[in-house]
Amino acid sequence: MKTLLTTAAATSIALAPVASSAAECSNDSWTRIQERGKIVVGVKADYKPWGFRDTDGSIIGMEIDMAKDVAETMGVELELMPVVASNRMQFLEQGQIDLMIATMTDRADRREIVGIVGPNYYTSGTNILAPKALGFTAWDDLRDKPVCGVQGAFYNQIIEDKYGAQIVAFGGSAEARQALRDKKCVAFVYDDSSIGSAIASGEWAEFEMPLASEDDSPWGLAVPKAEEACVFGRFMTGMQYAWHQDGSLIEWEAKWGIKPTAYLQGLNDKLSDHITE
């Protein structure tokens, strides 16, 4: 993996003059990271198992393992900065973070603001966590009922417009889940993979994910928009290709108890080296 990434990084740097001319690259973030010997990555601290607080207060999770690998490959120290859906893009725009790996769905409107580079590292759909006793069987069962959500999540408006649910938005998933336990809403709309992991933990025995998931969408990490087609953006593209090719994402998925996804397995199969196998 390191050989592949080193080659990818070298290729990126070699192409930098061309990219700079074509896309008016600044390479400011890449240069700043190298000069200070540290990369600041925006991650979730309330989105188990991708990013959450350990018992000692440190942030751990699948995306944190990704961030660690980025820092190790660049040969710099890693600083993690907690972000939420409502501020993660702003933090990147404002230079408070150099890179964002924070469970963000890749959408056209977001690509206008930040540099989302492929291939996408994950994908998931939208579902609900709800008490088994309520017996929900269809999305229309949520009509005119209060449903807890997280501020900044794109699917909030969709669920309101399409099914008539009344979204009660909270600053983070922990607050939304607690509100569900406190019966301030009848369900919690969220990412289906995270809900599945929560149920599997045994901490939500009286709850279920009863509906068919909707809007399966890829997740994208992001660099500053000005560096999307430049050294930093190309480097992160190389990182993601390597993670898919060598199975790192599948290993991290298993490590953190996330239900295996066909998306990761499919890309791993597609990108695997059939000659060396």
Side-chain angles (χ1 to χ4, degrees), residues 1-21 23-47 50-54 56-84 87-104 113-119 121 219-246 248-249 251-252 255-256:
M1 173 175 155
K2 296 304 177 186
T3 301
L4 173 62
L5 290 175
T6 301
T7 302
T11 301
S12 298
I13 295 171
L15 292 175
V18 176
S20 297
S21 175
E24 298 182 358
C25 296
S26 66
N27 292 322
D28 288 344
S29 292
W30 179 268
T31 301
R32 183 168 61 250
I33 293 167
Q34 298 298 328
E35 289 179 345
R36 74 183 175 206
K38 179 176 70 176
I39 183 170
V40 182
V41 183
V43 298
K44 289 292 189 68
D46 65 345
Y47 205 117
W50 286 273
F52 62 103
R53 296 283 183 182
D54 199 359
D56 64 359
S58 61
I59 306 175
I60 59 175
M62 178 170 171
E63 291 181 331
I64 281 65
D65 285 350
M66 295 164 62
K68 288 179 179 178
D69 198 40
V70 171
E72 180 181 341
T73 303
M74 293 183 71
V76 296
E77 295 181 5
L78 172 64
E79 178 181 333
L80 299 173
M81 181 174 292
V83 298
V84 295
N87 67 19
R88 57 192 171 189
M89 289 193 291
Q90 287 83 351
F91 275 26
L92 189 59
E93 280 188 291
Q94 296 165 2
Q96 296 185 57
I97 57 177
D98 304 309
L99 173 68
M100 184 250 286
I101 311 178
T103 70
M104 184 176 70
I113 302 171
V114 295
I116 301 176
V117 296
Y121 66 90
W219 292 9
L221 55 76
V223 300
K225 184 65 178 176
E227 302 187 43
E228 178 180 5
C230 309
V231 174
F232 201 7
R234 292 176 184 271
F235 175 79
M236 289 311 304
T237 290
M239 289 293 297
Q240 290 178 97
Y241 268 114
W243 290 336
H244 281 298
Q245 185 180 54
D246 67 12
S248 291
L249 290 168
E251 292 176 5
W252 289 326
K255 172 184 175 181
W256 294 103

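Quantities reported herein were computed from a predicted structural model and do not represent experimental measurements.
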From CA spacing to verdict: side chain to side chain contact (heavy atoms under 4.5 Å, CB included), L221, M239
CA-CA 11 Å; L221 55 76; M239 289 293 297; over 6 Å; no
Suppose we screen for side chain to side chain donor-acceptor pair (under 3.5 Å). Which residues come up paired with D46, at least two apart in sequence or across chains?
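Residues passing side chain to side chain donor-acceptor pair (under 3.5 Å) with D46: none at all.
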Between M74 and W30, is a side chain to side chain contact (heavy atoms under 4.5 Å, CB included) present by the stated rule, with each step listed?
CA-CA 10 Å; M74 293 183 71; W30 179 268; 3.6 Å; yes
Smallest separation among heavy atoms of [X] and [Y], with atom names:
X    : Y    : answer
Q96  : M81  : O-CE, 3.6 Å
T103 : K44  : OG1-NZ, 2.9 Å
L99  : A222 : CD1-O, 3.3 Å
A226 : C230 : O-SG, 3.5 Å
P119 : H244 : CG-CD2, 3.8 Å
G42  : A102 : O-CB, 3.9 Å

Could you check C25 against E227 for side chain to side chain contact (heavy atoms under 4.5 Å, CB included), going step by step and ending with a plain yes or no?
CA-CA 6 Å; C25 296; E227 302 187 43; over 6 Å; no
How many angstroms lie between atom [atom1] of [X] and atom [atom2] of [Y], to the nearest 0.5 angstrom?
X    : Y    : atom1 : atom2 : answer
M236 : W243 : CE    : CH2   : 4.5 Å
K68  : T73  : NZ    : OG1   : 13.5 Å
D98  : I39  : CG    : CD1   : 5.5 Å

A quick test of your reading: do over 12 heavy atoms of other residues, nucleotides or ligands sit less than 6.0 Å from CD of E77?
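Result for CD/E77: open.
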Run the side chain to side chain contact (heavy atoms under 4.5 Å, CB included) test on Y121 and W252 for me, step by step, so that the C-alpha distance in whole Å, both residues' side-chain angles and the decisive distance to 0.1 Å come before the verdict.
CA-CA 12 Å; Y121 66 90; W252 289 326; over 6 Å; no
Just jot down the salt bridge (charged side-chain N to carboxylate O under 4.0 Å, His left out) partners of E79, sequence neighbours excluded, or say none.
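Testing E79 for salt bridge (charged side-chain N to carboxylate O under 4.0 Å, His left out), a comparison that skips the adjacent residues, returns K38.
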List the residues meeting side-chain contact (heavy atoms from CB on, under 4.5 Å) with V43, not counting sequence neighbours, and say none if there are none.
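Only V41, I59, I64, L80 meet the side-chain contact (heavy atoms from CB on, under 4.5 Å) criterion with V43.
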Taking the side chain as every heavy atom from C-beta outward, state whether E72 and L78 have any atom pair closer than 4.5 Å.
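E72 does not reach L78 side chain to side chain.
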Does a side-chain heavy-atom distance below 4.5 Å link M100 with M89?
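They are in side-chain contact.
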Donor-acceptor pair, side chain of [X] and main chain of [Y], under 3.5 angstrom:
X    : Y    : value
Q240 : G220 : no
T31  : N27  : yes
N87  : V84  : yes
D246 : S248 : yes

Do K225 and E228 sit within salt-bridge range, that is, some charged N less than 4.0 Å from a carboxylate O?
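Judged by the 4.0 Å cut-off on N to carboxylate O distance, K225 and E228 do form a salt bridge.
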